[in-house]
Structure formats: structure tokens, C-alpha cells
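If you scroll down you'll find the structure; I have some questions about it.
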Amino acid sequence: MEDQLRRVEASRLETLRRVREEMAEELRRQAEELRSVNAAAQEERRQLLRQLQEANQALRAEIEETRRREENRSRAGREMAESAFRRASAQEEAVREMPHAFFCPGQFEIFQEQLESARRMLEKGMYDAAAATAAAAQTELELLAVNVQESRREWLEMYEVYSGVASGLYETMLRFEDSVIRTPYGEFRLEDGERDYWSRGTYREIREEILEAREIAERAGQAGSPAEGREAFVKGFRLAREIDGLHRLSARLTAAISCIQSERIYSDLRCRMAETAEEFLTEEGYQVERSRFRGEPREEPLDCYDLTVGLNGSDHIGLTFVPRREDGVAIGNVCVVTLDIRTIPDPRLIETRARDVIAGIRQAYPALPAVWYQGGDAQIAETERRYSQRPDVRLLARRLERKYQ
């Protein structure tokens with residue numbers, strides 16, 4: 001029984017041992033499997049970590065490259081904007097030195113504001129907008145510079161013409177003032193007051209305008225070199241008259257000179273004609289009752305010249321030498337004859353006497369128009385009004401000015 005128990009116990013122990021060994025083997029096998037799985041898992045984790053690290057490095061490199069590119073782009077944009085702003089500012093300074101306000105008023109200030117807007121954009125980091133605005137301002141300033149230069153060139157050409165015409169007018173005026181006028185009484189060099197009288201004050205006004213125009217041109221020419229002088233002229237003076245204004249002044253000067261010369265010559269001629277009539281009428285026994293220019297209280301040589309002679313206190317002959325004018329300037333004289341003959345009742349004899357008087361005048365002055373009125377003060381007055389217009393330089397000047405219109 002004990003042996004059987006021992007055998008059973010031994011068998012049980014053997015079974016228990018075998019089970020323990022199997023279990024230990026299974027545990028070892030499982031542990032080995034776990035170690036193998038864990039090693040594979042660790043290797044997989046290591047690989048995954050390595051992949052993550054590589055991906056992270058690539059991402060960081062890409063981020064860095066993106067940041068670098070962005071920095072480069074921003075730096076390039078800033079540099080481009082700053083460069084555009086510098087170029088536009090340099091163009092602004094160049095235009096500032098030009099006479100832009102004279103030729104293109106108000107435009108420079110507009111483009112200055114545009115450039116200021118580009119500066120504010122640059123300060124705020126709006127580089128693309130700043131570059132575009134500065135470039136646009138530079139272009140506008142360059143166009144403004146071209147316009148100013150072209151306008152200046154045209155203006156200087158106009159100034160040269162202005163200066164030439166003004167100098168020509170001045171020289172013409174001096175030659176006239178130094179010249180002599182030839183009349184039946186000789187040669188005369190007129191004084192300022194005489195020129196003023198014969199032109200009825202217009203020559204003085206014209207003379208002052210010519211002196212003013214010449215002074216303007218001379219003042220510009222004397223400011224340093226000719227170029228500097230013209231530049232000073234551009235910056236400091238706006239033409240008071242355009243070139244056609246000087247041409248009109250030339251027409252007025254021509255008209256004034258013509259008026260002065262013609263009025264003086266034909267005035268002296270009226271007086272000389274009256275003297276001639278006195279000579280042959282006094283030879284016939286007539287006595288001079290009146291021989292003078294009209295005008296009160298003093299004679300006016302611009303007016304008609306009246307000659308009245310009488311015989312026996314009853315017969316009177318009147319000769320009026322009337323200035324004949326066109327466009328306000330004397331171009332000749334007319335002789336108006338009136339007779340008051342009481343000792344000869346026959347009208348035909350009176351007419352014959354009138355014709356004899358006219359023939360006596362025409363013998364000395366063949367081209368002199370002469371008319372006789374048997375009577376009628378109104379008709380005589382109308383004839384005098386028709387011929388004896390007052391001198392007016394402006395009428396002739398307007399006719400001469402038409403060629404400049």
C-alpha cells in the first residue's frame with residue numbers, strides 16, 4: 001500500500017514536474033515570442049521615430065526655406081520699392097529746379113502728393129504698392145519735365161522774337177526822332193512837345209510802351225550770361241504782351257510817325273498856300289483882313305487856315321485851306337473859295353472871278369483840289385466837316401493792324 005502510494009506520489013510528482021517543465025517551456029517560449037515581438041515593435045518604433053524625425057527635419061527645412069524665400073522676397077520688394085522711391089525723388093528734385101510753376105502751374109504739387117503717398121506705403125511695408133506708386137510718380141514727373149523743357153524752348157524762341165521786335169521798334173523810334181521833316185519852310189527836327197502835339201498825345205504813349213518793352217528785354221539779357229538772363233526772364237516775368245501785341249504796337253508807331261510827318265507837312269503847306277494867295281490877291285489891290293489858323297485863344301496848326309481879303313470895303317474873297325484826312329491822318333489839302341462881291345451884280349462875272357482865283361492858286365499848286373460855293377454857309381460848313389476830320393492815329397493804326405489778324 002505504501003509502495004503504491006509512493007508510486008502514485010512519484011507519478012504525481014513526475015507529472016507535476018513535467019507539467020512545470022512544460023509550463024516553464026511554454027513560459028520561456030512565450031517570453032521568447034514576447035521578446036521577439038517586442039524587439040520587432042521596438043525596431044518598428046525606431047523606424048517610425050526615424051521616419052518622423054526625417055519628416056520633421058524635412059518640414060523644418062521646408063519651413064526654413066519658405067521663411068528664407070519670404071524674407072528674400074520681402075527684402076527684394078523693399079529694395080525695389082526703396083529704389084523706385086529714390087529714382088522718383090531724384091526726378092522730383094530735378095523738376096523742382098525747373099520753372100515748372102511758370103509753364104505748367106499746379107502739376108508739380110499733384111505729383112509731389114503722389115510721391116508722398118508712396119513714402120507712407122513704404123513705411124507701412126506695402127512694398128509692391130509703394131513701388132508701383134513711386135514708379136507712376138516718376139513717370140509723371142518725367143513727362144512734366146519734358147513738357148516744361150518743350151514749353152521753355154518755345155517760350156525762349158518767343159522771347160527772342162519779342163526781344164528782336166522790341167529792339168527794332170526802339171531803333172525805328174530813335175531814327176525817327178533824329179530825322180528831319182522837310183516842309184515848304186525848310187527842314188526841322190521836332191522836339192518832344194511837337195511830336196506830342198502833331199500826334200495829339202499818342203506818340204508819347206507809344207514811346208513809353210516801346211521803352212518798357214525794350215527795358216524788359218534788356219533786363220533779362222543783362223542778368224549774367226545770355227542763357228542765365230533768359231532763364232531769369234522766364235522765372236520772373238510773364239509777357240505783358242504777346243508777339244502780336246508788339247506787332248500792333250509797331251502798327252501804332254508807324255501810324256503815329258505817319259501822322260506827325262503828314263500833319264506837319266500839310267499844315268505848313270496850308271500856310272504857304274495862303275501866302276501864295278495873298279501875294280497874287282494883294283497885287284490885284286485886295287487887302288488882307290484875316291490870315292491865320294483857326295483856334296481860340298491861339299491858332300491851331302492842325303486846323304483849317306482861313307484867308308480873307310477885301311476890296312473897297314464891299315468886295316470880299318475868302319479862301320479856306322482845309323486838311324483832307326483818311327484814316328485819321330492828313331493826306332492832302334482842299335481849298336474852299338467863297339466870294340462876297342457886291343460891286344459886280346452879274347453872277348456870271350462873279351463866277352468868272354471865282355474861277356480866276358482858283359486858277360491863281362492852281363498855277364502854284366496844280367494838284368490842289370479847289371471848290372467854289374456861290375453862297376450857302378451850310379454847304380460850306382458841310383464840305384469843311386467832310387474833309388477836316390480831327391487827326392486820330394488810332395484809325396490808321398487799326399487799318400495797319402489788320403495784316404496781323
> For Glu278, what residues pass the side-chain hydrogen bond (donor to acceptor under 3.5 Å, both in side chains) criterion, not counting sequence neighbours?
Replying inline: Ser291

>> Quick check: closest heavy atoms across Phe280 and Gly360, and the distance to 0.1 Å?
In response: CE2-C, 3.8 Å

> Which atom names give the shortest non-hydrogen contact between Ala134 and Ala88, and what distance separates them?
Replying inline: O-CB, 3.5 Å

>> Could you check whether Thr352 and Arg348, counting side-chain N and O atoms only, form a donor-acceptor pair closer than 3.5 Å?
In response: no

> What side-chain hydrogen bond (donor to acceptor under 3.5 Å, both in side chains) pairs are there with at least one residue in residues 354-365, not counting sequence neighbours?
Replying inline: Thr276-Tyr365, Glu351-Arg355

> Hey, does the side chain of Thr320 reach the backbone of Val322 with a donor-acceptor pair shorter than 3.5 angstrom?
Replying inline: no

> Who pairs with His316 by ring pair (Phe, Tyr, Trp, His ring centres under 6.0 Å), at least two apart in sequence or on another chain?
Replying inline: none

> Glu263 side chain to Ala330 main-chain N or O, any donor-acceptor pair under 3.5 Å?
Replying inline: yes

> Under the side-chain hydrogen bond (donor to acceptor under 3.5 Å, both in side chains) test, which residues partner Asp196, sequence neighbours left out?
Replying inline: Arg204

> Can you name the side-chain hydrogen bond (donor to acceptor under 3.5 Å, both in side chains) partners of Arg394, sequence neighbours left out?
Replying inline: Asp392

> What residues, two or more places apart in sequence or in another chain, satisfy ring pair (Phe, Tyr, Trp, His ring centres under 6.0 Å) together with Tyr203?
Replying inline: Phe176

> So, does Ser267 use its side chain to make a donor-acceptor pair with the main chain of Pro301 at under 3.5 Å?
Replying inline: yes

>> Test of understanding: with salt bridge (Lys or Arg N to Asp or Glu O under 4.0 Å), list the residues that count as partners of Glu289, not counting sequence neighbours.
In response: none

>> For Arg119, give me all partners under salt bridge (Lys or Arg N to Asp or Glu O under 4.0 Å), at least two apart in sequence or on another chain.
In response: Glu116, Glu123

> Of the non-hydrogen atoms in Leu302 and Pro391, which two are nearest, and what is the gap between them?
Replying inline: CD2-CG, 3.8 Å

> Which residues satisfy the ring pair (Phe, Tyr, Trp, His ring centres under 6.0 Å) test with Phe108, sequence neighbours excluded?
Replying inline: His100

>> Please enumerate all residues that pass side chain to side chain contact (heavy atoms under 4.5 Å, CB included) together with Glu279, with sequence neighbours excluded.
In response: Arg272

>> When you measure from the side chain of Arg270 to the backbone of Asn333, do you find a donor-acceptor pair of N or O atoms at a distance under 3.5 Å?
In response: no

> Just checking, is any N or O donor in the side chain of Glu191 or Tyr197 under 3.5 Å from an acceptor N or O on the other one?
Replying inline: no

> So do the side chains of Gln149 and Arg153 get within less than 4.5 Å of each other, counting heavy atoms only?
Replying inline: no

> Checking side-chain contact (heavy atoms from CB on, under 4.5 Å) for the pair Leu249/Ile206: CA distance, chi angles, key distance, verdict?
Replying inline: CA-CA 7 Å; Leu249 182 59; Ile206 294 169; 3.9 Å; yes

> How close do Ala81 and Ala131 get, heavy atom to heavy atom, and via which atoms?
Replying inline: CA-CB, 3.8 Å

> Can you list the residues that meet the ring pair (Phe, Tyr, Trp, His ring centres under 6.0 Å) rule with Tyr305, with sequence neighbours excluded?
Replying inline: Phe293

>> Quick test of your reading: applying salt bridge (Lys or Arg N to Asp or Glu O under 4.0 Å), list the pairs with at least one residue in residues 99-112, sequence neighbours left out, ordered by first then second residue.
In response: none

